[in-house]
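One structure is given below, encoded as structure tokens.
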Amino acid sequence: MKNILKWQNFLLLLIICISMFFSLFLIHQDGFINEYYSVTVKSMLTSFHNWFFLSYDPNGFISIDKPPLGLWIQSLFVLLFGFNIYAMILPQAIAAVFSILLIFILLKKYFGETAGLLSAFLFAMTPIVVAVTRNNTVDMQLICMLLLSLYFLMLSVEKGKVRFLFISFIIFALGFNIKAMESFVVLPAFFVFYIFTKNKNTTLKTGKKIVFLFISFIVMVVLSFAWILSVDNVPENKKPFVGGSMRNTRMDLTIGYNGIIRIVPGTVLDTLANKMDDPDRIKSNESGNVSDFFKFEIGNPGFLRLFNYQITDQILWLLPIILIGILGTGICFYQDKNKDKNKFLFYIFWIVWPVPMLFIFSIAGYVHRYYLVMIAPAFAVLAGIGLVSLWKLYIKPGSKTSFLLPISLFLNSFFCLFLLLRYPTWNITRILIPLSLLWGLLSIVLFLVKVLESKIKFNDKIRKIILYITVAGIFLPPIVWSVTPIIYGGHPFLPFAGPNLQTVPIHSMTEDQKNLYNGLKRMQYYKEPELTKYLLQNYNNEKFLVAMPTAILGSHMMLASNIPVMTMGGFNGKDKILSIEKLEQLTKNGDVKFFVLSEAFQMPGEISDWIKNNCRYIEASEWREEYDEHINYNNIDSLYGEDFEKLMTSTLYLYKYVNKQP
């Protein structure tokens with residue numbers, strides 16, 4: 001009973017409650033968030049065939065470009081609780097809760113409950129963690145699987161049981177089936193930890209451990225690719241087209257579009273795009289430079305990318321504490337008379353965890369910043385352990401390293417100030433900026449207390465109160481950032497946190513913020529209720545309400561109409577799905593009679609030409625009102641909000657198939 005009532009458990013429960021609140025509160029304001037995933041989950045539940053193949057539409061025309069497990073889990077929740085956004089976000093919220101619990105449990109053994117609670121709280125309040133958890137992307141489910149895999153890896157080390165090693169890598173395979181190659185970036189940390197730790201209850205030598213590790217790795221690879229191989233062995237005419245692939249195979253999608261293409265440097269990717277037989281497949285703008293297109297979201301490649309305004313405020317608020325904390329923890333290990341090798345290697349594990357992802361983020365040309373959530377557990381753990389270690393050094397009498405704590409807090413206060421000054425026009429930063437200066441002054445007080453302790457005896461409670469206030473103040477800015485997706489609503493499929501989520505006038509932004517904002521608006525889903533209404537009025541039980549160039553345009557229409565929409569080019573309009581022969585067959589069978597073409601998402605020339613030559617163009621005046629004359633549709637960078645949406649929808653051209661046969 002005493003263990004249940006411990007104050008640490010109450011704090012852990014409070015952290016969990018805060019996480020659930022941040023994950024679910026007002027989530028309905030975001031509609032169906034990433035409608036691409038929402039449509040897929042709804043379509044999957046129409047038949048086992050669609051569920052197994054992850055069909056984007058109920059007719060099984062094309063499948064989504066993701067592994068199955070995360071969406072299978074979401075579909076189970078929708079089956080239980082109905083098709084609503086809460087049912088789709090709940091798996092991510094529960095995954096976040098389990099991740100918090102696992103971080104606490106993993107750290108409690110080696111570094112104590114205080115470090116575990118701090119790390120769990122910091123993870124829960126990391127801005128990109130909150131943004132991702134409130135989205136129906138499945139990255140948080142992956143994080144949970146990786147932490148659970150680590151838990152069983154630790155059991156294997158502690159108990160000397162090889163079966164726990166195999167369980168660990170089986171769970172890792174489940175993680176692969178949630179987000180594919182993204183899971184592999186933490187494998188080096190797993191390998192290093194298992195090989196070099198000492199099994200306390202067995203005499204396993206390093207050679208045998210490597211053999212067992214290799215076997216478990218092979219098992220993991222086999223289980224990881226089992227579904228992929230099973231799908232690829234099904235004849236093409238009995239399954240949906242594999243969205244995002246170049247050769248209509250899951251293996252190509254996993255290794256290529258969701259693998260190598262995501263991690264190669266931008267310049268290499270641009271060269272590849274220009275030399276391919278079908279370079280349009282991965283070109284993302286008129287110039288053909290993939291890396292240029294993604295700069296609006298992640299900035300220029302290079303080590304300094306991690307410090308640009310798009311990335312730093314998502315995850316790096318506590319960077320000085322992390323770096324100085326690593327030094328302080330290293331000193332604590334050195335001074336510890338009862339050196340525990342496994343404890344040291346467990347700490348090294350968390351240092352190794354983010355290294356591959358940080359490297360990839362520095363060079364890659366095709367990554368999204370919400371992938372930073374993969375780094376969040378390690379940074380939270382390093383910050384939590386670091387603060388505890390620095391405090392131990394601080395209270396140690398006569399220690400020359402005791403000043404590391406106030407120095408780290410001082411530097412972190414001004415690092416936060418540096419990040420806040422990037423948003424001078426945001427009202428909340430005007431409050432946080434002077435507070436950051438105050439926290440910096442309090443860290444100086446901690447420094448002076450240590451300097452004068454030989455002359456003046458300070459009550460330890462006073463020092464703790466000053467520390468708690470300072471640390472709480474340093475935690476405040478990232479917590480405020482984490483609240484922004486609740487206040488302003490999250491971005492549909494590029495989740496992030498921060499002031500840029502609000503709709504603000506262009507004139508109040510810096511030039512970089514303008515580029516980011518307009519870039520994000522380009523990637524929004526565009527809604528065309530008048531077009532949907534017209535199509536429904538002319539719908540006559542065809543298999544598809546309309547054929548659209550891309551899922552970016554078609555997802556909202558499918559949700560609004562509850563009728564399948566054909567996406568001729570997949571998610572981004574570049575998939576080679578349709579041939580002229582197949583297009584003719586679909587129209588002659590009466591499967592589809594309306595087509596939409598768009599300047600923003602252009603189809604291959606032969607498809608566009610066939611539609612224009614065989615279909616009647618329907619004047620826009622027949623299905624929508626004219627747009628405001630004052631809007632300059634030629635100057636895309638001058639537009640924002642509703643004006644931008646009007647620009648995008650103004651480029652839609654509706655055609656109706658006309659059977660010219662007698």
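The chain is numbered in sequence order, starting from 1. Source: prediction; values computed, not measured.
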Any idea how H368 and Y370 line up, ring-wise: parallel (<30°), tilted (30 to 60°), or perpendicular (>60°)?
parallel

Going by atom types alone, do S168 and S149 pair a side-chain donor with an acceptor below 3.5 Å?
yes

Over 60° means perpendicular and under 30° means parallel, so classify the ring planes of W51 and W72, tilted if in between.
parallel

Side chains of L467 and L409 in contact at under 4.5 Å (non-hydrogen atoms)
yes

Q74 and T40: side-chain contact (heavy atoms from CB on, under 4.5 Å), yes or no, with the steps?
CA-CA 10 Å; Q74 286 185 2; T40 301; over 6 Å; no

When you measure from the side chain of D232 to the backbone N and O of M251, does any donor-acceptor pair fall under 3.5 Å?
yes

Any non-hydrogen side-chain atom of S183 less than 4.5 Å from a side-chain atom of I178?
no

Ignoring hydrogens and geometry, is there a side-chain-to-backbone donor-acceptor pair from R369 to Q310 under 3.5 Å?
yes

Which atom pair, heavy atoms only, marks the closest approach of P354 to I351?
CD-O, 3.1 Å

Please confirm whether the backbone N or O of G490 pairs with a side-chain atom of R134, one donor and one acceptor, at under 3.5 Å?
no

Got a donor-acceptor contact below 3.5 angstrom from the S63 side chain to the L54 backbone?
no

To the nearest 0.5 Å, atom CG of L102 lies from atom CD1 of I143 at 11.5 Å

Verify, without hydrogens or angle tests, whether T312 (side chain) and F307 (backbone) share a donor-acceptor contact under 3.5 angstrom.
yes

Taking all non-hydrogen atoms of both residues, which atom of I89 and which atom of T133 are closest, and how far apart?
CG2-O, 3.5 Å

Ignoring hydrogens and geometry, is there a side-chain-to-backbone donor-acceptor pair from S19 to I15 under 3.5 Å?
no

S156 side chain vs K161 backbone, donor-acceptor pair below 3.5 Å
yes

Quick check against the 3.5 Å criterion: does D252 have a side-chain atom that pairs as donor or acceptor with the backbone of R247?
yes

Check F415, F379, W481 against W317 for a ring-ring contact (aromatic ring centres under 6.0 Å, His included) and give me the one that passes.
W481

Can you say whether the rings of H49 and F53 are parallel (under 30°), tilted (30 to 60°) or perpendicular (over 60°)?
tilted

Aromatic F164 / basic K159 pairing, under 6.0 angstrom, 45° off normal
no

Applying the side chain to side chain contact (heavy atoms under 4.5 Å, CB included) criterion to S216, which one of V211, V221, L165 satisfies it?
L165

Would you find more than 12 non-hydrogen atoms of other residues, nucleotides or ligands less than 6.0 Å from Y151 atom OH?
no

Does the structure place the NZ or CZ of K66 under 6.0 Å from the centre of the six-membered ring of Y37, at an angle of no more than 45° from the ring's axis?
no

Under a 4.5 Å cut-off applied to non-hydrogen side-chain atoms, are L107 and E113 in contact?
no

Let's go through K108 and Q8 carefully: what are the C-alpha distance in whole Å and the side-chain angles of both, what is the deciding distance for side-chain hydrogen bond (donor to acceptor under 3.5 Å, both in side chains) to 0.1 Å, and is it a yes or a no?
CA-CA 11 Å; K108 178 181 175 181; Q8 291 92 338; over 6 Å; no

Under 3.5 Å, is there a donor-acceptor pair between the S230 and R250 side chains?
no

Closest approach of N136 to Q92 (non-hydrogen atoms, all atoms of both residues):
CA-NE2, 3.7 Å

M20 versus V97, closest heavy-atom pair with distance
SD-CG2, 3.4 Å

Are any non-hydrogen side-chain atoms of L106 and V381 less than 4.5 angstrom apart?
no

Donor-acceptor pair between K179 and Q141 side chains, under 3.5 angstrom:
no

Do the ring planes of Y347 and F111 sit parallel (below 30°), tilted (30 to 60°) or perpendicular (above 60°)?
tilted

Do any N or O atoms from the side chain of N412 and from the backbone of S408 form a donor-acceptor pair under 3.5 angstrom?
no

Could you tell me whether a side-chain N or O of N135 sits under 3.5 Å from a main-chain N or O of H491, the two making a donor and an acceptor?
yes

At their closest point, which heavy atom of A497 faces which heavy atom of Q314, and how far apart are they?
O-NE2, 2.6 Å

Before we go on, tell me: are the rings of Y36 and Y56 under 6.0 Å apart, centre to centre?
yes

Might you point out which heavy atoms bring L306 and L316 nearest each other, and give the distance in Å?
O-CD1, 3.0 Å

Is any side-chain heavy atom of M154 closer than 4.5 Å to a side-chain heavy atom of F193?
yes

Below 6.0 angstrom between ring centroids: does that apply to F217 and F169?
no

Does the separation of the ring centres of Y394 and F403 fall below 6.0 angstrom?
no

Within-4.5 Å side-chain heavy-atom neighbours: I479 and F121
yes

Measure the acute angle between the ring planes of F349 and F190, then classify it against the limits of 30° and 60° as parallel, tilted or perpendicular.
perpendicular

Measuring only between side-chain heavy atoms, which start at C-beta, is F344 closer than 4.5 Å to D336?
no

Can you list the steps and then say if Y110 with I385 is a side-chain contact (heavy atoms from CB on, under 4.5 Å)?
CA-CA 10 Å; Y110 285 129; I385 294 174; over 6 Å; no

Contacts of A376 meeting side-chain contact (heavy atoms from CB on, under 4.5 Å) (sequence neighbours excluded), chain-then-number -> F123, T126, V129, I315

Is the closest side-chain heavy-atom distance between W391 and K464 below 4.5 Å?
yes

